[in-house]
**Q** 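My questions will all concern the structure given below.
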Amino acid sequence: MRIGSSVLLVDGYCYQSYGWKKLRPLGSLQNIINSLEAYQCDEISIIRPVRENDSIKAFKKDLVIIQKLNCMTPISFGGGIKNSEMVDLLHNLPVERLIFSSAFITENYKPIEHAIELYGHQAIQCAIPLGTLNGELKVFHSNSNTYISIESVNFDMIKELSNEIILIDVDNEGCNDGFNKRVLDCIDIDYNRLVISGGIGRKTVKFARNNDIASVMIDNRTLHSEYSIKEYKNYGGV
Amino acid sequence: MGGCNNCLYDIKHPFGLVVSNDSCSGCDTHREKYTIDWNQKQNELEDIVLWAKKKSVTYDCIVPVIGDAEDYFVLNKVLSLGLNPLVVSVNDYFKNDIGWHNLHQLITYFDVDSMIYNPDVRVYKDLVRTSLRKFDHILLPFLTLHTSFPVHVAKQRKIPLIVWGQNQSIEQAGKFSHYDKVEMTEWSRNEHDLFSCNIDCLIGSGAQVSYRDLNYYKYPKIASLYNKGVRGIYLSNYYKWDPLKQNHSTLKFGYKPQKNHSSFDIYERAGSSVYYQLHDLLRYKRIGYRKVRDHLVREIRHGRIDKLSAIKVEEEFSKSGFDIYPFFNWLDMSKSGMKWFIKHRLSNYEHLLSNGNTQNINLPKDISKYLISGSVPNKGFVTFGKGIKI
């Protein structure tokens with residue numbers, strides 16, 4: 001099982017998210033990457049937490065930061081990739097995987113298919129943010145900043161077009177060991193194609209390891225103590 | 001997304017700041033202090049103390065100090081927790097007689113073992129010169145050592161715990177929740193203490209010094225720290241942190257505050273010949289405000305002054321001048337070099353280059369009750385504390 005870390009990038013600066021509601025500043029992306037590499041992090045997800053007010057200018061600004069990254073660890077990148085032209089802009093970036101969310105949710109498959117042509121099926125990840133609204137688990141649609149029902153998402157196409165699916169527990173993002181295992185029930189898929197994120201703590205790592213989940217993405221907590229990934233690996237028996 | 005409605009910070013804060021619903025991450029995090037179960041926090045701290053005592057063979061912990069009021073508070077807490085500390089200090093060569101008094105008083109009053117590291121002055125001055133030239137900063141070499149030397153000592157002497165006072169990134173910008181219990185990391189050091197300017201940035205095209213002279217300026221390999229089981233904690237995650245009140249309470253231990261024309265805070269960094277002089281001027285140049293703003297924001301959050309009054313107080317203190325010439329003498333800079341530096345690097349601040357005083361600034365009683373008349377230093381830039389002058 002891989003143990004990775006996710007980082008939120010907004011306007012070239014990194015932030016931490018608490019429960020998908022509150023942002024706190026974090027720091028420069030390169031400094032963060034340097035430490036995650038030193039911690040022997042298996043992969044790093046750089047996510048732009050964009051909403052409907054995202055612009056191509058902001059997208060390009062973030063790409064410049066990523067292009068300059070000095071990093072040996074595999075990087076996944078996503079957030080706001082809405083069309084094939086934006087996929088083309090990702091060429092020559094030091095990233096291994098591309099993450100799509102709203103494109104899958106709105107069944108806007110053109111940019112995804114274009115990305116498959118350019119980078120291959122193995123490079124495609126689908127991020128499904130899930131949160132509880134009025135006691136019911138729902139999918140968060142980032143571009144429209146609203147929650148929609150799980151049933152309205154075409155999981156068959158997600159399974160077909162993406163290599164891995166990232167299930168994000170938005171309610172517990174930033175909380176230690178708060179990951180809600182109910183989010184795993186929203187999709188019928190082999191766990192070895194699943195990546196889980198949001199409230200990952202040491203116990204969740206152990207649970208993921210015991211259930212052969214492909215990867216866990218630890219959010220805010222990786223930089224809270226020195227060499228933290230090693231702690232997670234030791235505890236989870238990874 | 002501009003400034004905070006409550007305090008004086010805006011999103012250009014050097015640590016980064018998020019403003020949402022007109023309130024900044026620093027103010028939001030400060031509010032946690034009123035809802036946290038501090039007894040629970042005390043229990044968590046006691047667990048760490050037990051862990052350290054079980055693991056230690058000589059000293060239980062290191063307390064890195066500069067002789068500040070906060071160091072007195074921290075050391076007192078550490079001793080009351082039953083820990084056996086080694087006090088470690090790095091000579092910044094900027095102390096005045098008050099600074100040395102405070103450092104020696106700290107060690108003798110609490111009767112603790114100590115270690116003072118005096119870095120090679122030649123190398124240190126070279127690094128200060130480069131730091132000034134490249135980054136408009138004169139404390140980077142000291143901060144580099146202050147945040148790495150105690151970690152080297154902990155690793156070499158197998159001391160499991162390093163106890164720091166406040167986590168500035170939380171206290172000022174609310175970068176983490178108190179519940180996160182963030183610990184000392186190399187990342188935090190680079191991001192918050194050194195502003196991404198580590199020792200590699202100060203050599204090469206800068207100071208012509210050998211790598212072997214820089215051993216303690218570099219942070220130890222974190223894998224080796226992990227193997228040795230060294231960790232560092234911040235006491236501000238475990239106590240309801242209130243610097244002005246805490247620092248005032250250290251007077252009973254013999255701490256000597258210093259009269260200050262740049263801020264009402266007579267406690268923080270008392271005993272430094274540069275902190276409220278050239279260092280504060282360069283801070284003003286780099287980030288657009290002086291240290292007094294940090295002090296006022298802190299007091300706004302503690303409810304001891306309102307925002308409008310704080311703005312007026314900041315305006316008043318911002319008129320005070322800086323005496324920068326003693327620093328240049330310490331740096332062995334020629335008069336023509338000084339003139340060149342002022343003309344080309346401080347041209348917009350020449351009106352502040354006089355040791356002008358500020359007088360009769362009205363402060364709310366809630367602040368002034370913690371203030372006394374600070375001492376005036378007799379001698380600046382005392383290289384060593386025990387009478388040796390080179």
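Quick caveat: nothing in here was measured; it's all calculated off a predicted structure. Numbers restart at 1 for each chain; the letters A, B, ... are given by sequence-line order, proteins then strands.
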**Q** Heavy-atom pairs under 4.5 Å with chain A - which of B:Ala173, B:Ala223, B:Ser188, B:Ser25 has more of them than the others?
**A** B:Ala223
**Q** So which of B:Val230, B:Leu225, B:Asn190, B:Asp180 has the largest heavy-atom pair count under 4.5 angstrom toward chain A?
**A**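 Between B:Val230, B:Leu225, B:Asn190, B:Asp180, the count favours B:Asp180.
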**Q** I'd like to know which of B:Arg231, B:Glu183, B:Glu191 tops the heavy-atom pair count under 4.5 Å against chain A.
**A** B:Glu191
**Q** For residues 228-238 of chain A, give me every residue with a non-hydrogen atom less than 4.5 Å from any non-hydrogen atom of chain B.
**A** A:Lys230, A:Glu231, A:Asn234
**Q** Name the member of A:Ile32, A:Asn176, A:Asn34 that forms the most heavy-atom pairs with chain B at distances under 4.5 Å.
**A** A:Ile32
**Q** Verify whether the ring centers belonging to B:His146 and B:Trp164 lie closer than 6.0 Å.
**A**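 They qualify: ring centres under 6.0 Å apart.
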**Q** Name the orientation class of the two ring planes belonging to A:Tyr39 and A:Tyr227 (parallel below 30°, tilted from 30 to 60°, perpendicular beyond 60°).
**A**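 Answer is perpendicular, since the angle exceeds 60°.
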**Q** For B:Ser177, is it the side chain, the backbone, both or neither that has a heavy atom under 4.5 Å from a heavy atom of chain A?
**A**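 For B:Ser177, the contact with chain A is made by backbone and side chain together.
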**Q** Report the residue from B:Lys240, B:Arg301, B:Lys33 that forms a salt bridge (charged side-chain N to carboxylate O under 4.0 Å, His left out) with B:Glu171.
**A** B:Lys33
**Q** Under 3.5 Å, side-chain donor or acceptor atoms of residues 4-12 of chain A against the rest of the protein: list the pairs with distances, not counting sequence neighbours.
**A**
residue	atom	partner	partner atom	Å
A:Ser5	OG	A:Ile218	O	3.2
A:Ser5	OG	A:Thr222	OG1	3.0

**Q** Which label fits B:His302 and B:His30: parallel for a plane angle under 30°, tilted from 30 to 60°, or perpendicular past 60°?
**A** perpendicular
**Q** Taking the six-membered ring for Trp, is the centroid-to-centroid distance between B:Trp187 and B:His192 below 6.0 Å?
**A**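 Yes.
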**Q** Run the salt-bridge test on B:Lys155 and A:Glu226 with the 4.0 Å N-O cut-off and return the result as yes or no.
**A** no
**Q** Just say parallel, tilted or perpendicular for the rings of B:Tyr289 and B:His13, cut-offs at 30° and 60°.
**A** tilted
